[in-house]
Amino acid sequence: MNRAILADMLEMEYEIIEAGDGVEAVAAIQQYSTELSLILLDIVMPEMDGFGVLSVMNKRHWIEEIPVIVISAETASSQMERAFELGVTDFISRPFDSLIVRRRVINTILLYAKQKRLVGMVADQIYEKEQRSSVMIDILSQIVEFRNGESGQHVRHVHVLSDLMLRELVQLTDQYALTRSDISLISTASALHDIGKIAIDEAILNKPGRLTPKEFEIMKRHAMIGANMLRELPIHQNEPLLKIAYQICRWHHERYDGKGYPDGLVGDDIPISAQIVALADVYDALTSERCYKKAISHEQAVEMIVNGECGTFNPLLLTCLKNVADTLLVELENDTPDKANRRELMNIADEMGRHEELTASERTLHLLEHERMKYRFFAAMTREIQFEYVKSPAMVTITAWGAEKLGLGEVIMDPLHNEKVLQLMSQTDWKNLSHAILRTTPEQAMVNYVCKLNYNGEEQRWTRIIVQSIWSADEPPEYTGVIGKAVDIHDSRVKEDNLERMANHDALTGLLNHASIKKQIIERLESAHDGHFALVMFDLDHFKSVNDNYGHDVGNKVLVHTSEKLRQGTRGDDLAARIGGDEFLIFLEYKTDIEPVIQRIFTFLTGHYENISISVSMGVACTEVVGIDYDTLFRSADQALYAVKRGGRGHYRFYDSSMQNLLSTISPIDGENEAKKQEGDE
């Protein structure tokens, strides 16, 4: 009755969408989030009350986009206070007056429309500011480099190198607590590292031969000169960019062992910004032609730096340099204005994120609406079961056709504890699918799983479930849920024996999948009265760079190539599987010394695919050390692999007791622990 009265008041001016309870409301917001102008919300509702809806809107950030007016007979001050704390814009008590309702609806919608226009203007201004700042810094630094007689690309190269190694550093360690905004600041400020050279005599700057000791002392002054120039600026002294630029100017010639200049700082007394730029500066100086030297190759430059021939650097940064060495040249060669613009847009996103009162611009909303319309159309045409799962709050939404096919509702809260959802497939399949999803990464986000699915509680049919995990934009990224679809394979008239094979084998490589190899290993272990077994886990080093630089098609070919090598390098009774992304598993029996076998397999897998270098990191767990329990073997091999990665990758290690605390025990549905492990893997 209340909804009918409100609809009568407003339907002449607005399109009305009604929901009978909180769950229906969440589903409607999910479906129409980009075009809703206002929500009129009651507090007392079945299934989920108004506070529950507001909590979901806060967790999914809808409350930042869509104004909410509470219309309720609940007028207690505590209720009103709680509603306002959850982000409502206004509160109207029942019984309500038509004029008041219409006037407050109009005012609220107009207020939010003005805010969206303001956001568009702010986004434009931030973009223009980023562009102007970048242009001015480029011009200033190019003037310095022109006077220095160096390549005009030096500044850009140092910027790209700094950004690349900083991003690798945050994947390697959380020691420096660098945010994406910090990385942007340091990379931008790196352009000013040699600004002090503007005060150095050109005869010294451009001298073709070796500098005399006196000339070198003069040259060394540029670090302090540049720092003093920035410190003496009459304005902007509190700006983060200026503070970072000062650090870089003054200390980018310091060395980790204290033998640099001007202050002889040691270790992490040198700001990480200056350490990064120092390494980038040395690399580009080595690989660039100067008036006093010829350029050397990329490989030789990396080798000289790592071997300490150019001074001592932070060991963590040397690891970063080695890790990005394969992609470094490609990044420098492909650095274009388009990539620079994308970096600026990331900076804009960061800056917009720091202003909580700002939401998405009108242009973004129109793009989202366009994508939503396309999604609806294709979902209706494909006649597939399509779904989205959100981890927090735990909720799954299913397309109308899919929900009818499965005998479920279109929106299900807390699906992992819903009896109807859990009955869709066997407990083993749920466990295996969950484990596969939680082993994904932002770079390797796809899972392809075949199992029997219960349709409408009556019929089991072979079904292919294809999902992609969704990750936040945080550093490090956090797993937030999945999107996916389920396809009835019987519709393709696949024979039963092929279905069994598809259920047990990886679709891309033809190797066993994780569920199948686990089952076979357990059977082998249970039937073995004696003998020694080893479980080997390995992955491809820097596989992400292959996808980034050559595309996923080439990445898939590398995976297939590795799988073929694995088949050739193992014996007939050995088991081999691809367990997700670029991770593989081997199970083998041995009689005496296992190490020569592992050494042979490791060496056989290392090599080249066309012009791509392939190396692997490998962890090994033996039954004589950890026992014959599969889960313990798997976890131990995983811990040994993790130890290899912490030690620099590109080799193998056997599990021992010193590794037992490297990783936490991982439950198949424990997303947070798994995310931490994946962060370590990367």
Side-chain angles (χ1 to χ4, degrees), residues 1-113 116 359 365 369 372-373 376 380 388 390 393 395-401 403-404 408-414:
M1 178 64 73
N2 285 316
R3 294 202 310 276
I5 294 171
L6 287 169
D8 286 343
M9 293 178 182
L10 301 168
E11 64 185 358
M12 295 296 291
E13 295 151 290
Y14 305 101
E15 181 182 351
I16 308 296
I17 299 167
E18 293 189 35
D21 58 54
V23 173
E24 286 184 23
V26 169
I29 301 170
Q30 169 95 0
Q31 186 174 2
Y32 299 103
S33 61
T34 60
E35 52 186 329
L36 287 177
S37 301
L38 179 71
I39 294 173
L40 301 176
L41 181 68
D42 203 342
I43 295 297
V44 180
M45 294 184 292
E47 300 294 332
M48 177 190 290
D49 66 11
F51 293 127
V53 174
L54 289 170
S55 295
V56 173
M57 291 185 70
N58 274 273
K59 288 180 180 178
R60 304 202 66 180
H61 302 288
W62 291 333
I63 199 73
E64 299 165 10
E65 310 288 341
I66 310 167
V68 178
I69 296 178
V70 170
I71 297 185
S72 177
E74 300 293 320
T75 57
S77 59
S78 59
Q79 298 277 58
M80 296 174 65
E81 182 179 356
R82 184 182 176 193
F84 281 118
E85 286 176 352
L86 287 170
V88 304
T89 305
D90 204 349
F91 200 107
I92 300 176
S93 300
R94 288 205 309 262
F96 39 74
D97 179 85
S98 173
L99 178 62
I100 291 176
V101 170
R102 291 184 68 255
R103 190 68 259 170
R104 290 191 178 179
V105 165
I106 291 170
N107 289 345
T108 302
I109 291 175
L110 286 175
L111 176 65
Y112 269 69
K116 289 178 180 178
T359 58
L365 291 177
E369 171 61 12
R372 187 186 64 79
M373 290 174 63
R376 276 185 175 178
E388 177 183 5
V390 179
M395 176 176 71
V396 66
T397 54
I398 312 173
T399 53
W401 188 87
E404 181 181 355
L408 300 171
E410 292 181 36
V411 178
I412 303 168
M413 304 302 295
D414 199 14

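Keep in mind the model is a prediction, meaning the values are calculated, not measured. Start at 1 with the first residue, then count along the sequence.
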Looking at [X] and [Y], what are the two nearest heavy atoms and their distance?
| X | Y | answer |
| --- | --- | --- |
| Leu10 | Ile16 | CB-CD1, 4.0 Å |
| Ala25 | Val53 | CB-CG2, 4.3 Å |
| Ala28 | Ile17 | CB-CG2, 4.3 Å |
| Met45 | Asp21 | SD-C, 4.1 Å |
| Arg82 | Phe51 | NH1-CD1, 3.2 Å |
| Ala27 | Val411 | CB-CG2, 2.7 Å |

(message) Is it the case that atom CD in Glu85 sees more than 12 heavy atoms from other parts of the structure closer than 6.0 Å?
(response)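 Counting neighbours around CD of Glu85, more than 12 heavy atoms of other residues, nucleotides or ligands fall under 6.0 Å, so yes.
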(request) Assess whether atom CD of Glu18 is packed by more than 12 heavy atoms of other residues, nucleotides or ligands within 6.0 Å. (result)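 Yes, because the 6.0 Å sphere around CD of Glu18 holds more than 12 heavy atoms from other groups.
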Side-chain contact, heavy-atom cut-off 4.5 Å: [X] with [Y]?
| X | Y | answer |
| --- | --- | --- |
| Leu40 | Val105 | yes |
| Val68 | Leu54 | yes |
| Ile29 | Leu36 | yes |
| Leu6 | Met9 | yes |
| Arg60 | Met395 | yes |
| Tyr32 | Ile66 | no |
| Met57 | Ile39 | yes |

Okay, side chain of [X], backbone of [Y]: is any donor-acceptor separation there less than 3.5 Å?
| X | Y | result |
| --- | --- | --- |
| Asn58 | Gly87 | no |
| Arg104 | Phe91 | yes |
| Glu404 | Ala400 | no |

(request) Mind checking the CE-OG spacing from Met80 to Ser93? Nearest 0.5 Å is all I need. (result)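 Going from CE on Met80 over to OG on Ser93, the span is 6.0 Å.
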(request) Calculate, to the nearest 0.5 Å, the distance between atoms CG and CG belonging to Leu38 and Asn107 respectively. (result)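 Separation between the atoms: 11.0 Å.
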(message) The test is side chain to side chain contact (heavy atoms under 4.5 Å, CB included); show your working for Glu410 and Thr397 and say whether it passes.
(response) CA-CA 5 Å; Glu410 292 181 36; Thr397 54; over 6 Å; no
(message) If you apply the rule side chain to side chain contact (heavy atoms under 4.5 Å, CB included), what do you find for Arg102 with Glu13, and how did you get there?
(response) CA-CA 10 Å; Arg102 291 184 68 255; Glu13 295 151 290; 2.8 Å; yes
(message) I'd like to check the side chain to side chain contact (heavy atoms under 4.5 Å, CB included) partners of Thr89; sequence neighbours left out, ordered by chain and number.
(response)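 Residues passing side chain to side chain contact (heavy atoms under 4.5 Å, CB included) with Thr89: Pro67, Thr108, Tyr112.
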(request) Take Leu41 and Ile71 through the test side chain to side chain contact (heavy atoms under 4.5 Å, CB included) and record every step on the way to the result. (result) CA-CA 6 Å; Leu41 181 68; Ile71 297 185; over 6 Å; no
(request) Please step through side chain to side chain contact (heavy atoms under 4.5 Å, CB included) for the pair Ile92 and Val70, ending with a clear verdict. (result) CA-CA 6 Å; Ile92 300 176; Val70 170; over 6 Å; no
(request) Please determine, by modelled atom types, if Glu388 and Gln30 share a side-chain donor-acceptor pair under 3.5 angstrom. (result)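 Distance-only check passes for Glu388 and Gln30.
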